[in-house]
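In what follows, a structure is listed as structure tokens, so that the remarks can point back to it.
Position 1 is the first residue of the sequence; numbering continues from there.
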Amino acid sequence: MTSTAPETQRGQDAGDPLGEQPTSWQRRLRRFGHVPRPETPLRDRLDPPYTRPGRQVWSVLAVPPHVADRLVRWSGWGGPLLVTLVAGLLRFWRLDQPKAVIFDETYYAKDAWALVNQGYEGSWPKDVDKLILKDPSSVPIPTDPGYVVHPPVGKWIIGFGEQLFGFTPFGWRFMVAVLGTISVLLLCRIGRRLFRSTFLGCLAGLLLAVDGLHFVMSRTALLDLIVMFFVLAAFGCLVVDRDRSRRRLADALPVDEEGVLRPDARIAETLRLGWRPWRLGAGVMLGLAFATKWNGLYVLAAFGLMTVLWDVGARRTAGAARPYMAVLRRDLIPAFLSTVPVAIVTYIVSWTGWIVTDKGYYRNWAATEGKGSSWGWLPDWLRSLWHYENQVYDFHVGLTSGHTYESNPWSWLVLGRPVSYFYEEQTGCKESSTGKCAAEVLAIGTPLLWWLACFALAYVVWRWLFRRDWRAGAIACGVAAGWVPWFFYQERTIFLFYAVVFVPFLCLAVTMLLGAIVGPAAGTGARADLGLTSKDPTGERRRTLGAIAAGVLVLLIIWNFIYFWPLFTGTQIPEDLWRDRMWLDTWV
């Protein structure tokens, strides 16, 4: 069977990323590192294989071949589960400490308790936190509605933990710790699929497990880690959807007499990819994200564009002469219906507790102040909800009151101004030269990881622009979706811990950089973990040195996490040691 693809598409299978001879601008870009894709079979370009450890590794460890094959098969889940176990032990260790209502737990823990018990948030009296910590059963749930400025999903999740373990610090932190732990497993599996390497996937999960900001947020009843979880889950769904849709394209393409898969313009432009449940799942996850906090809306827009561009790339690789037109005809409407309407419906359903009661804040607005509106044909609950959302939006954009720990998003990556969630000082501390001990919970990323991530992001952007690496583009999209929107609200009171939403993508960026430092295995060529090729005849020596360098960096990051452990957990230490950890003046 011969291919019906035009010659320009044949060129694409031969390694030219655009399916044609290099243009002048491409030749100029090569000065900055742009290279055409190496010759790779079309099936491997549509559905890349997973890398496997070389036999040399197992021979050094004296592992028999049949045992090695079994370990490789198990490692796809065994490795991520092992990393997740470590992350879970760290996050659940003394989860109830400090036994206090720290930072914004004063809002979300109480709102969650009211929500799961009566369907709407109540108006809590001031200074009730101490009574809750002393005897929560003696504190009645207020029936008067409370004005809240965030959607309910995150509080429902926090409240589920409170239903299981009571209205206590452990109870309101439990479910956040669960999601923080599961997110490590998700990143391991996403990284494995992204890089086609179990080792690199587990490395990405390990970096997330030892990131200070993710760790602190996993042990605090705030909403931002819950947003991060749903964003990461949505990203994972889209990556799986990408793999499956490209595999369907590959299976539909013709094979020539030599058994080689060939591009076909007609198939690439007309094939319907059918039911795509993983993209539907991404729509649900993104709906839950912005039903927790509204910044999830920006992620919905960014990921929606990203998945459409992935379809363009898939059809171009399969041989489409006009891939954008093909996507417009075959994929754009299904992609929209699978994400945007699904996310909106998910958001509205999340308000069910408020809808079915008649006591929620603004619940009866349509029947009172809003009576006689030209939109009166709509259900009262929908008009009341719309009015509520308008009021909340005005609150968010007008929130400019100063705060001690507010920061500008420009400073986030370098950890310019972390947030102190809890601080307690004790006098009479003999171990300290000042006679004082300090216990603090500081919401700050592991410094060496974040500072390395600055270089990793530069590498990712370079690799996306000049190597046309879709994985780098996906990572950059995840970071941009969680970070860039805050630059439009720089006059607003915002905090560093909002950055937890894109921390997993920082870990993926660092993993990609470390993979490049290690380099490809000898003879793997284009099928190496990161698609790198090496012309160095001493490739094994280069790889050994790269592995040592990458290993040292990972060990330094782990050491840095251990060093800052007291500031992540509120462990009491002498004030001298506490000050030693204040590396920048702005951290105090």
Pairwise side-chain contact, Leu309 with Leu305, heavy-atom cut-off 4.5 Å (strictly under): yes
A side-chain contact here means heavy atoms from C-beta on lying under 4.5 Å apart; do Leu81 and Trp74 qualify? no
Measuring from atom CG of Asp469 to atom CZ of Arg463, what distance do you get when rounded to the nearest 0.5 angstrom? 4.5 Å
Which of Thr307, Thr339, Asp331 passes side-chain hydrogen bond (donor to acceptor under 3.5 Å, both in side chains) with Arg279? It is Thr307
Mind checking whether Phe561 and Phe215 have parallel, tilted or perpendicular rings, split at 30° and 60°? perpendicular
Ser338 side chain vs Ala335 backbone, donor-acceptor pair below 3.5 Å: no
Looking only at heavy atoms, the pair that brings Leu249 and Ala268 closest together is CD2-CA, 4.4 Å
Can you tell me if Ser183 uses its side chain to pair, donor with acceptor, with the backbone of Leu232 under 3.5 Å? no
Once rounded to the nearest 0.5 Å, what's the spacing between atom CZ of Arg192 and atom OG1 of Thr51? 8.5 Å
Looking only at heavy atoms, the pair that brings Pro485 and Ala480 closest together is CD-O, 3.3 Å
Between the CG atom in Leu222 and the CE atom in Met217, the distance rounded to the nearest 0.5 Å is 5.0 Å
Roughly how far, to the nearest 0.5 Å, is SG of Cys454 from CG of Leu413? 5.0 Å
Ring centres under 6.0 angstrom apart (Phe290, Tyr298): no
Distance from Ile475 atom CD1 to Met512 atom CE, nearest 0.5 Å? 5.0 Å
Residue pair Arg45 / Thr40, side-chain donor-acceptor N/O under 3.5 Å: no
Which label fits Trp310 and Phe235: parallel for a plane angle under 30°, tilted from 30 to 60°, or perpendicular past 60°? perpendicular
Please find the pair of heavy atoms, one from Cys507 and one from Ala204, that lie closest to each other, and give the distance. CB-O, 3.9 Å
Sidechain-backbone polar pair: Ser75 side chain, Gly78 backbone, donor-acceptor under 3.5 Å: no
Arg244, CZ atom: more than 12 neighbouring heavy atoms under 6.0 Å: no
Reported CG-to-CG distance for the pair Leu506 and Leu207, which is rounded to 0.5 angstrom: 10.5 Å
Do the charged groups of Asp311 and Arg276 touch, with an N to O distance under 4.0 Å? yes
Any side-chain donor-acceptor pair under 3.5 Å between Tyr347 and Trp294? yes
With the side chain counted from C-beta on, respond yes when Thr317 and Arg246 share a heavy-atom pair under 4.5 Å apart, and no when they do not. yes
Do the side chains of Asp44 and Pro41 get nearer than 4.5 Å, heavy atoms only? yes
Can you find a heavy atom in the side chain of Val239 that is under 4.5 Å from one in the side chain of Arg193? yes
Apply the test side chain to side chain contact (heavy atoms under 4.5 Å, CB included) to residues Ile444 and Leu213: give CA-CA distance (whole Å), side-chain angles for both, the deciding distance (0.1 Å), then the verdict. CA-CA 5 Å; Ile444 184 175; Leu213 184 60; over 6 Å; no
In short, Ala87 meets Ala209 closest at the heavy-atom pair CB-CB, 3.8 Å
With a 3.5 Å distance limit and no angle check, can you tell me whether Trp483 reaches the backbone of Pro409 through a side-chain donor-acceptor pair? yes
Tell me whether Arg248 contacts the main-chain N or O of Leu271 through its side chain, where contact means a donor paired with an acceptor under 3.5 Å. no
Aromatic ring pairing Tyr498/Phe495, orientation class (parallel under 30°, perpendicular over 60°, tilted between): perpendicular
Could you point out which residue of Leu82, Val184, Thr511, Ile558 forms a side-chain contact (heavy atoms from CB on, under 4.5 Å) with Leu206? Ile558
When you look at Tyr324 and Arg316, which way does the side chain to side chain contact (heavy atoms under 4.5 Å, CB included) test go after all the steps? CA-CA 9 Å; Tyr324 285 96; Arg316 177 191 287 125; 3.7 Å; yes
Any luck finding a side-chain donor-acceptor pair between Asp243 and Trp278 under 3.5 Å? no
Indicate the atoms forming the closest heavy-atom contact of Leu288 with Phe230, along with that distance. CD1-CE2, 3.6 Å
Under the ring pair (Phe, Tyr, Trp, His ring centres under 6.0 Å) test, which residues partner Trp410, sequence neighbours left out? Phe487
Is there a side-chain contact between Arg471 and Trp464 (heavy atoms, below 4.5 Å)? no
Give a yes or no answer on whether the side chain of Glu269 reaches the backbone of Arg322 with a donor-acceptor pair at less than 3.5 Å. yes
Asp264 side chain to Leu253 main-chain N or O, any donor-acceptor pair under 3.5 Å? no
Tightest non-hydrogen contact, residues Met306 and Ala474, listed as SD-CA, 4.0 Å
Tell me, with the steps shown, if Trp450 and Asp211 meet side chain to side chain donor-acceptor pair (under 3.5 Å). CA-CA 9 Å; Trp450 281 62; Asp211 174 63; 2.6 Å; yes
Between Arg330 and Thr270, do the side chains contain a donor N or O and an acceptor N or O under 3.5 Å apart? no
Any side-chain heavy-atom pair from Leu186 and Phe229 closer than 4.5 angstrom? yes
Before giving the answer on side chain to side chain contact (heavy atoms under 4.5 Å, CB included), spell out for Met228 and His214 the whole-Å C-alpha distance, their side-chain angles and the decisive distance to 0.1 Å. CA-CA 9 Å; Met228 180 279 305; His214 185 275; 3.4 Å; yes
Within-4.5 Å side-chain heavy-atom neighbours: Thr198 and Tyr50: no
Side chain to side chain contact (heavy atoms under 4.5 Å, CB included) for Ile517 and Leu553? Distances and angles first, verdict last. CA-CA 11 Å; Ile517 292 174; Leu553 288 173; 4.0 Å; yes
